[in-house]
Amino acid sequence: TRSIAASGFFGGLWETALAPAEMVLAARFPVMPPSMGWSFREVAHRAGDFAIVAAAVTLTAHPSGQIASCSIALSGADSRPLRLAELEMSLVGTACDEQALRSVPDFAGTLRFRDDLRGSESYRRNTAVHLIREGLASAYAMAAQPASQA
């Protein structure tokens, strides 16, 4: 057996780091602290279809109201899932308010988005920005609520 971090597992479209005779036996995820929120948003043609664009967000809220840590992943933009490390770092230490959410489109100019029959480059870019904004707001609302309400 061997362990593979998610960052090394995903290859291109329909490709993973698994050898032909290997299979996934387990996936491990860290336990979320009470001050962490999460969100998963996707756009697909029909329920159950592969997402045209999907965004996954986790974030930890500091008691002061600032974002203490943040992870953002995007699928459907390119041939493999992407971590948006630059955007994550830019959000840490900020309040998750309208100003922070308005800055989300700035990251989109640095990414290459696919253009195919399921969605144009422009459509995917605009959808990604919308899903990430929505995901950040939802994850922050979950993380910021008192532990007794969680």
Side-chain angles (χ1 to χ4, degrees), residues 1-62 66-94 96 100-101 103-145 147 149-150:
T1 61
R2 65 181 176 131
S3 294
I4 305 170
S7 60
F9 181 78
F10 299 102
L13 191 60
W14 306 105
E15 295 176 0
T16 67
L18 294 178
E22 291 182 312
M23 64 185 216
V24 175
L25 296 177
R28 292 186 183 98
F29 301 92
V31 175
M32 288 180 20
S35 60
M36 181 177 269
W38 61 272
S39 173
F40 179 79
R41 301 281 196 265
E42 71 176 332
V43 171
H45 286 294
R46 293 178 303 269
D49 276 359
F50 285 105
I52 297 169
V53 178
V57 175
T58 63
L59 66 79
T60 305
H62 188 273
Q66 295 180 325
I67 297 172
S69 67
C70 180
S71 297
I72 303 170
L74 188 64
S75 73
D78 204 351
S79 62
R80 59 175 281 170
L82 304 171
R83 270 293 292 279
L84 305 180
E86 190 175 314
L87 178 59
E88 295 168 1
M89 288 186 294
S90 73
L91 292 169
V92 170
T94 67
C96 191
L101 295 178
S103 73
V104 170
D106 296 341
F107 90 93
T110 64
L111 296 177
R112 192 181 117 243
F113 286 81
R114 282 194 319 215
D115 188 6
D116 61 25
L117 295 175
R118 296 177 64 223
S120 70
E121 179 270 340
S122 175
Y123 175 76
R124 288 177 197 266
R125 183 179 309 277
N126 291 332
T127 302
V129 168
H130 175 76
L131 294 179
I132 291 169
R133 279 180 170 165
E134 216 176 61
L136 284 165
S138 178
Y140 183 78
M142 182 186 297
Q145 65 179 295
Q149 295 179 13

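Along the sequence shown, the residues carry numbers beginning at 1. Just so it is clear, the structure is predicted and the values come from calculations on it, not from any experiment.
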With heavy-atom distances below 4.5 Å as the criterion, would you say the side chains of [X] and [Y] are in contact?
X: Leu74; Y: Leu131; result: no
X: Leu136; Y: Ser39; result: no
X: Phe9; Y: Val24; result: yes

Which residues share a side chain to side chain contact (heavy atoms under 4.5 Å, CB included) with [X], sequence neighbours left out:
X: Ser90; result: Leu87
X: Ala54; result: Phe40, Glu42, Ala51, Ser75
X: Ser69; result: Thr60
X: Asp49; result: Ala44, His45, Arg46

Specify the closest pair of heavy atoms between [X] and [Y], including all atoms of both residues, with the distance to one decimal.
X: Trp38; Y: Ser138; value: O-OG, 4.5 Å
X: Val92; Y: Ala68; value: CG1-O, 3.5 Å
X: Ser35; Y: Ala143; value: O-CB, 3.2 Å

Contacts of type salt bridge (Lys or Arg N to Asp or Glu O under 4.0 Å), residue Glu134, not counting sequence neighbours: Arg41
Go through the structure and list residues passing salt bridge (Lys or Arg N to Asp or Glu O under 4.0 Å) with Arg80, not counting sequence neighbours. none
Are the side chain of Thr94 and the backbone of Leu91 linked by a donor-acceptor contact shorter than 3.5 Å? yes
Distance check, rounded to the nearest 0.5 Å: Cys70 atom SG versus Met36 atom CE? 9.5 Å
Where at least one partner belongs to residues 111-121, residue pairs that pass side chain to side chain donor-acceptor pair (under 3.5 Å), sequence neighbours excluded: Asp78-Arg112, Asp116-Arg124, Glu121-Arg125
Return all side-chain donor-acceptor pairs below 3.5 angstrom for residues 10-19, not counting sequence neighbours, or 'none' if the list is empty.
from  : atom 1 : to    : atom 2 : distance (Å)
Glu15 : OE1    : Gly12 : N      : 3.3
Thr16 : OG1    : Leu18 : N      : 3.2

Applying salt bridge (Lys or Arg N to Asp or Glu O under 4.0 Å) as the test, list every pair that has at least one member in residues 19-34; sequence neighbours left out. Arg2-Glu22
If you apply the rule side chain to side chain contact (heavy atoms under 4.5 Å, CB included), what do you find for Tyr123 with Val43, and how did you get there? CA-CA 11 Å; Tyr123 175 76; Val43 171; 3.5 Å; yes
Kindly determine whether Phe113 and Val53 satisfy side chain to side chain contact (heavy atoms under 4.5 Å, CB included), including the steps that lead there. CA-CA 10 Å; Phe113 286 81; Val53 178; 5.7 Å; no
